[in-house]
Every structure is written in structure tokens, then in C-alpha cells.
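The figures that follow rest on heavy atoms only: side chains count, while hydrogens, waters and symmetry mates do not.
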Amino acid sequence: MDDKRNIIMAVLLTGIILFGWPVLMETFFPDMVNKNEAVEQSEQATADSEGITQTDGPAPAVSTTAGSAAIGADAAAGTIRKLPVVLAENPRVAIETPRLKGSINLQGARFDDLTLTDHTTELDKDSPPVRLFSPSGTKDAYFSRFGWAGDGVTLPGDKTVWTADQEKLTPETPVTLSWDNEAGQTFAITFSIDENYLITAEQSATNRSENTIALNPFGIISRVRDLDNVPPGEADSWTIHIGPMGVFDGTANFDTDYEDVDEAGANGIAANATKGWIGFTDKYWLGALVPVSNAKVEAKFRAGSGDIYQAQIARENAQVIAPGKVLTTTTRLFAGAKETALLDTYKEQYDITLLDRAVDWGWFYWFEKPLFYLLDWLFKFSGNFGVAIILMTFVVRGIMFPIAQKQFASMAQMRAVQPKMKKIQEKYKEDKQKQQQEIMKLYKDEKVNPLAGCLPIFLQIPIFFALYKVLMLSIEMRHQPFTLWIKDLSAPDPLTPVNLFGLIPFDPPSFLAVGILPILMGITMHYQFKLNPQQMDPMQQQIFGLMPWILVFIMAPFAAGLQLYWTVSNLLTIAQQKWLYSRHPQLKEQMAKDAEEKAKKAAEEKAGA
């Protein structure tokens with residue numbers, strides 16, 4: 001009766017996991033759901049979008065602090081237009097670097113046209129480059145602008161057309177934009193750019209009038225974010241933060257999301273800081289403003305109409321400019337891919353506090369970055385990230401080998417005391433509490449630790465989670481192939497027998513799209529469990545028998561790189577177990593004896609039936 005009840009419970013548990021897992025994935029791991037779909041929308045799709053109402057311009061005008069004037073431009077209703085049409089509407093200065101291409105809009109002095117030439121929207125190398133910034137009036141508008149706030153002064157605004165001294169911004173040729181208000185003040189912004197993703201904006205305001213004026217330089221990043229239509233893989237979750245982010249006074253803020261900014265209302269979410277940065281982080285990309293001086297600044301997130309969100313920085317107080325004097329302020333803009341080594345370089349070279357935390361490493365930050373650098377070094381050594389993952393698995397298993405030896409020694413001890421344990425179970429089968437007390441006394445007398453065999457599993461948990469974060473967050477892993485059908489190690493295994501490996505025109509749900517790698521993982525885990533000593537409790541035996549096949553479905557939506565790691569780890573564990581059995585023959589003999597007794601008992605029960 002107990003065996004039947006245990007079987008029913010095991011079946012129910014399996015059903016709950018199989019059918020409940022998709023709901024849990026949707027809730028806690030939205031970045032894994034439909035990972036095989038496009039993460040970014042292509043440039044052509046953006047250009048063809050028409051007829052959608054959108055607010056033209058950044059968030060509505062907002063005040064920085066008391067005494068400072070408004071930042072931003074008033075919202076004006078408009079419609080979505082094609083990207084080439086919007087780019088041709090105003091004069092522009094071209095941007096050309098080894099890794100960025102685009103233009104500066106001279107109307108408003110905006111960085112609103114940036115593509116990342118090293119990264120494509122799709123796996124196909126011929127697909128369009130990833131577009132980070134897009135001008136206002138297009139779908140997914142996203143841009144940065146620099147200006148001044150002040151009272152009683154004619155200031156350059158969102159519609160101001162600037163004059164440029166160069167036709168192209170490159171790492172070798174900075175560009176200076178200038179504008180004269182014809183009232184005694186001249187404004188200039190000198191943009192310089194490095195060979196990667198860092199732009200430096202030096203704002204200068206010259207007071208040629210006879211009166212003292214007060215100005216407050218500012219920088220903003222404005223973007224449209226439709227929270228009801230987030231692309232696959234770009235949703236904020238408890239494992240990966242996507243949305244508003246900043247570092248204020250040495251603390252990285254992962255707690256603010258777009259909904260929080262909406263709820264904050266007109267006042268927005270503000271933080272005063274002396275060192276840090278503010279912006280918007282996506283899974284792989286970052287747009288962030290970095291004030292370079294140690295002056296106290298006010299950083300703020302605000303929401304406007306039309307799904308517009310704005311990050312802004314300004315001095316806490318306006319700066320006084322006497323007649324004949326010049327006010328100069330420098331701000332940096334990071335606009336590009338969150339490459340770990342590059343973020344670390346910028347952090348040290350330009351003293352940008354915690355810029356590396358733009359990658360949401362999470363709880364095991366201290367462990368995940370070294371793991372990433374190990375994997376990256378192995379990739380540079382081997383030339384293939386799949387091979388690098390295999391080599392890293394050898395490293396991990398090698399480090400854990402002494403622990404595995406202790407585990408097997410403990411298993412041998414457990415097998416040695418099993419005859420005594422069976423006698424106790426038979427003697428006190430009617431008194432479970434006394435039975436447990438006597439078993440614990442037996443463990444103590446024989447110096448056996450029943451939990452010692454669990455240690456390697458617990459040590460694997462941070463390694464497994466760290467590798468999950470590395471594969472899911474690191475831009476270096478994106479679109480990296482392994483071999484044969486595995487073209488992207490950061491995406492699930494695409495080849496599944498459910499649709500006869502693509503021969504049937506049917507796309508199964510993510511939890512049923514079980515690929516070759518998770519199937520191999522389940523098979524190797526099943527064989528690995530078969531090598532382990534059998535559990536005495538029938539319920540535990542059933543659970544361990546079902547676990548590999550349950551994990552096949554659980555792991556199916558995860559990155560192929562993670563599946564590869566687990567499969568190779570299982571194979572190494574099997575080889576390790578066979579070698580250790582040769583060192584502990586009594587364990588193997590006991591397993592054979594147990595299997596013989598089990599078969600004999602089953603035959604007797606069958607004969608009796």
C-alpha cells in the first residue's frame with residue numbers, strides 16, 4: 001500500500017513540475033521564454049512602423065532644484081514616421097568610429113542616431129547592426145541631449161539648430177557645436193569620442209554681457225519604452241535587472257524599475273550624489289550619463305506621456321557667471337554594449353564608480369566575474385566558447401575531485417553500516433521516533449556522516465547559477481556558436497525530436513521543445529544515478545529515478561551552454577565514479593549484493609502473486 005501511495009505521489013509531483021514549470025518560467029525567468037525569437041527588432045522593422053501615436057520629444061519640462069529652470073522640452077503630439085525620413089529632416093554631423101556609426105542631430109544637439117557595428121540584430125551575420133539610439137518621432141525613440149537651465153537668459157533649446165565646425169565626429173576629430181543667443185551669451189559643446197563607446201561632452205557658456213548670470217548645465221537620456229510590448233528576452237526579472245539604473249554615492253541601485261518611475265508622478269525619483277552615473281540598462285546595452293567633476297549633482301528619473309522615460313543629471317545649484325567669464329562643465333556619455341573587460345577599463349581609467357555593475361551579476365558577483373574571466377581566457381585559448389565551456393568543466397571537476405573522494409569514502413562507510421541499520425529498522429519498525437534515535441546513535445558510534453555525500457551538490461549550486469548568469473548576461477557569449485546545429489550558446493538547443501528535428505512545420509511550446517543537449521543531459525544523469533548506491537527508502541528511489549527526466553524538461557528552455565556544461569559534468573562524474581569504485585571495491589561489491597537481493601525479492605513477490 002505504501003509503495004502504491006509513493007508511486008502516486010511521484011507521478012503527481014512529476015505532473016506538477018511539468019505543467020507548473022512554464023508558469024514559473026514566465027514569472028521568474030521571462031528572459032528565457034521564447035529565447036529563440038529575436039531579442040532586438042531589426043532596423044527595417046523600425047523603419048516600416050507607421051501610424052502609431054507618440055509624444056515627440058523628451059519628457060515634459062521638469063525643475064532640477066529650487067532656483068534652477070526647467071530641463072527638457074514640452075511634449076507635442078506626433079506620429080511614428082520611418083527612420084530614413086526622420087534622419088533626413090534636420091542637418092546632421094556624421095559619427096564614425098571602429099565600433100559606432102550614426103550621426104548627431106544639429107537640431108537640439110542630440111545624439112539620436114547610433115548603431116553598434118560589431119553586433120547584429122539576428123544570428124545571421126548579414127542582418128542589420130544593433131540600433132541603440134533612434135531619433136524622436138521613430139519607434140523606440142532613444143537619445144541623449146546636453147544643455148543649460150537658467151532664468152532670465154535666452155537659452156538653446158530642443159529646437160535650436162547648432163553650427164558645427166566639422167562634418168564628421170571620429171576618435172581623431174572632435175566636433176564643436178556653437179550657438180549665439182545674440183544677447184551677450186555664447187554656448188558651445190565640444191564632443192569627443194574614443195574607439196569604443198565613450199563620448200565626452202564639454203559644455204561651455206561664455207558671458208559677454210555686462211550682467212552676471214546663473215546657469216545650470218544638464219544632460220538627459222530620453223527613451224520610449226512600451227511596457228506592454230517588451231521584446232522577448234528584454235523583460236525585467238528578479239534575476240536580471242532591466243530599466244532605470246544608477247550608482248549614487250558608491251551604491252548601485254537595482255531596485256528602481258519603470259513602474260516605480262510611473263508611480264513617482266511629476267516629482268520623479270531623485271538622488272543627490274557626488275560620484276556615480278545614471279541611465280537605462282538593457283540586457284546587453286547601456287546608455288548612461290557620467291558627471292566627471294566631484295561637484296554634487298542631482299540625478300533624477302522621470303516619466304512623461306507617451307511611454308517616455310527620462311534620466312537626467314544637473315548641478316545641485318546654478319553656477320554664477322560674471323561678465324567676461326566662461327563656465328565649463330564636462331559630462332561623459334556611455335552608449336554601447338556592456339562588455340565586461342571594457343567596463344572594468346573605463347571604471348579604472350576614468351574613475352567611474354561601479355560602472356562594471358551595469359551588468360547585473362547578482363548575489364555571486366565576487367565569484368561570477370572571475371568565472372567569466374576564466375571562461376573568456378579559455379575562449380581566447382581555444383577559439384570556441386563551446387570548447388571553453390568544456391575546458392572549464394574539467395577545471396571545476398578537477399578542483400572538486402578531493403571533495404568527491406571524501407564523498408565516496410562516506411558512501412563506503414554508509415554501505416558498511418547498512419546491515420546494522422536494517423536490523424534497527426526491523427527491530428523498531430513500529431516506533432519511528434525510536435528508530436531514528438537509534439540510527440543517529442549508530443551514525444555517531446561508527447563516525448558516519450550521512451550528509452557528506454550532499455556536499456558536492458551544494459558546492460555545484462553557486463557554480464551552476466554563476467554560469468547561468470554569465471551565459472545570459474555577458475554580451476561576449478551572445479551569438480557564439482559551438483558546433484553542428486548549436487549556433488548560439490546563449491540560446492536554447494534549437495533541434496528537438498518533438499517536430500522531428502524541424503521536418504514537421506510545428507513550433508512546440510518552450511517547455512516541450514526538448515533539444516538534443518537536454519536529452520543527453522538526462523541520459524547521462526540517469527546513468528550517473530545508476531552508479532550511485534541505491535537509496536533504502538523506496539520513495540527516494542522513485543524520486544531519484546524520475547529526477548533526470550524531469551530535469552530534461554526543466555532545462556530545455558535554458559541556454560545551450562548551460563546544458564553543455566551539465567552534460568559534460570555528468571560524463572566526467574561518471575568517469576570519476578568508475579575510477580573511485582576501483583579505489584573502494586567494497587562499495588561496488590555492496591552495490592552488486594544489494595542489486596542481487598533486490599532482484600531476488602522482486603522474483604519472490606512475483607512468484608507469490
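Remark: the backbone N or O of Val292 is not paired with any side-chain donor or acceptor of Thr330 at under 3.5 angstrom. With hydrogens and angles disregarded, a donor-acceptor distance shorter than 3.5 Å links the side chain of Gln319 to the backbone of Asn317. Of the possible polar contacts, none joining the His479 side chain to the Asp488 backbone as a donor-acceptor pair under 3.5 Å is found. Gln563 contributes a side-chain N or O that, together with a main-chain N or O of Ala556, makes up a donor-acceptor pair within less than 3.5 Å. A distance-only check finds no donor-acceptor pair linking the side chain of Trp277 to the backbone of Ile352 [under 3.5 Å]. Panel note: side chain Asp194, backbone Tyr197; a donor-acceptor pair is recorded below 3.5 Å. Judged by distance alone, the side chain of Thr138 and the main-chain N or O of Ser134 form no donor-acceptor pair under 3.5 Å. In this structure, Arg131 contributes its side chain and Phe133 its backbone to a donor-acceptor pair below 3.5 Å.
The nearest pair of heavy atoms linking Ile269 to Ala264 is CG1-CB, 3.6 Å. Looking at every heavy atom in both residues, Thr329 comes nearest to Pro217 through OG1-CG, 3.3 Å. In this structure, Leu87 and Pro135 approach most closely via the heavy-atom pair CD2-CG, 3.9 Å. Of all non-hydrogen atoms in Leu169 and Ser192, the two that sit nearest each other are CD1-CA, 4.2 Å. Listed here is the closest heavy atom pair of Phe146 and Gly219: CD2-CA, 3.9 Å. The minimum heavy-atom distance between Pro291 and Ile313, with the atom names listed, is CD-CD1, 3.8 Å.
Atom CG of Asn105 is separated from atom CG of Asp112 by 4.5 Å, given to the nearest 0.5 angstrom. Interatomic distance, Asn90 CG to Lys159 NZ, rounded to the nearest 0.5 Å: 8.5 Å. A distance of 9.5 Å separates OG of Ser490 from CE of Met477, quoted to the nearest 0.5 Å. Here the straight-line distance linking atom NZ of Lys347 with atom CG of Leu355 works out to 9.0 Å at 0.5 Å rounding. Of the inter-residue distances, the one linking Asp158 atom CG with Ser136 atom OG reads 7.5 Å to the nearest 0.5 angstrom. Note that OG1 of Thr328 is 5.5 Å distant from CD of Glu202, once rounded to the nearest 0.5 Å.
In this structure, Pro244 and Phe280 have side chains that are in contact, with non-hydrogen atoms separated by less than 4.5 Å. Taking 4.5 Å as the limit, some side-chain heavy atom of Ile193 sits within range of a side-chain heavy atom of Ile95. Counting only heavy atoms from C-beta outward, the side chains of Phe372 and Ser474 approach each other to under 4.5 Å. In this structure the side chain of Pro481 never reaches within 4.5 angstrom of the side chain of Ile486, judged on heavy atoms. Considering only heavy atoms from C-beta on, Tyr350 stays 4.5 Å or farther from Val290 through its side chain. Side-chain contact check for Met555 versus Pro492: every heavy-atom pair is 4.5 Å or farther apart. Using a 4.5 Å heavy-atom cutoff, the side chains of Trp361 and Thr340 are in contact. Two residues are said to be in side-chain contact when any heavy atoms from C-beta on lie closer than 4.5 Å; Trp179 and Thr163 fail this criterion.
At a threshold of 4.0 Å, the pair Arg225-Asp307 does not count as salt-bridged, since none of the basic side-chain nitrogens sits closer than that to a carboxylate oxygen. Using a 4.0 Å cut-off between a side-chain N of Lys or Arg and a carboxylate O of Asp or Glu, Glu476 and Lys338 do not qualify as a salt bridge. Taking 4.0 Å as the cut-off between side-chain N and carboxylate O, Asp356 and Lys369 count as a salt-bridged pair. For Asp351 and Lys275, the salt-bridge test passes: some basic side-chain N is under 4.0 Å from an acidic carboxylate O. The pair Glu89-Arg81 meets the salt-bridge criterion, with a side-chain N (NZ, NE, NH1 or NH2) lying under 4.0 Å from an Asp/Glu carboxylate O. Note on Lys168 versus Glu96: salt bridge recorded, some NZ/NE/NH1/NH2 to OD/OE distance being below 4.0 Å. By the 4.0 Å N-to-carboxylate-O rule, Lys283 lies too far from Asp360 to be salt-bridged with it. For Asp282 and Arg223, the salt-bridge test passes: some basic side-chain N is under 4.0 Å from an acidic carboxylate O.
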Next item on the list: Check the pair Phe218 / Leu289 against side chain to side chain contact (heavy atoms under 4.5 Å, CB included), numbers first and verdict last.
Entry: CA-CA 10 Å; Phe218 67 81; Leu289 294 166; over 6 Å; no
Next item on the list: Just do the side chain to side chain contact (heavy atoms under 4.5 Å, CB included) check on Val297 and Asn272 with the steps written out, would you?
Entry: CA-CA 6 Å; Val297 299; Asn272 294 329; over 6 Å; no
Next item on the list: For side chain to side chain contact (heavy atoms under 4.5 Å, CB included), just list the numbers for Ile389 and Leu375, CA-CA rounded to whole Å, side-chain angles, deciding distance to a tenth of an Å, and then say yes or no.
Entry: CA-CA 7 Å; Ile389 290 173; Leu375 194 58; 3.9 Å; yes
Next item on the list: Dump the intermediate steps for side chain to side chain donor-acceptor pair (under 3.5 Å) on Arg315 and Asn216, then the final yes or no.
Entry: CA-CA 6 Å; Arg315 291 290 184 93; Asn216 198 340; over 6 Å; no
Notebook entry, point to check: Stepwise, does the salt bridge (charged side-chain N to carboxylate O under 4.0 Å, His left out) test hold for Arg99 with Glu339?
Noted result: CA-CA 13 Å; Arg99 312 191 70 187; Glu339 299 168 4; 2.4 Å; yes
Next item on the list: Evaluate the criterion side chain to side chain donor-acceptor pair (under 3.5 Å) for residue pair Asp113 and Ser103; output intermediate values, then yes/no.
Entry: CA-CA 5 Å; Asp113 172 30; Ser103 59; 2.7 Å; yes
Next item on the list: Would you please test Val85 and Leu83 for side chain to side chain contact (heavy atoms under 4.5 Å, CB included) and show each step?
Entry: CA-CA 5 Å; Val85 173; Leu83 179 64; over 6 Å; no
Note to self: As a quick check of understanding, evaluate side chain to side chain donor-acceptor pair (under 3.5 Å) for Thr256 and Asn253, giving each step before the final call.
What the structure shows: CA-CA 7 Å; Thr256 302; Asn253 178 17; 2.9 Å; yes
Next item on the list: Could you walk me through whether Trp148 and Phe187 pass ring pair (Phe, Tyr, Trp, His ring centres under 6.0 Å), step by step?
Entry: CA-CA 9 Å; Trp148 292 262; Phe187 299 88; 4.9 Å; yes
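Every residue two or more places apart in sequence or in another chain that forms a side chain to side chain contact (heavy atoms under 4.5 Å, CB included) with Lys101 is listed here: Thr115, Thr117.
At most 12 heavy atoms of other shown residues, nucleotides or ligands fall within 6.0 angstrom of atom CD in Glu195.
Residue pairs satisfying the ring-ring contact (aromatic ring centres under 6.0 Å, His included) criterion with at least one member in residues 104-125, sequence neighbours excluded, are listed as follows: Phe111-Phe191, His119-Trp285.
Aromatic pair Tyr258/Tyr309: centroids less than 6.0 angstrom apart.
When each of Phe143, Phe301, Tyr142 is paired with Ile221, the side-chain contact (heavy atoms from CB on, under 4.5 Å) condition holds for Tyr142 and for no other.
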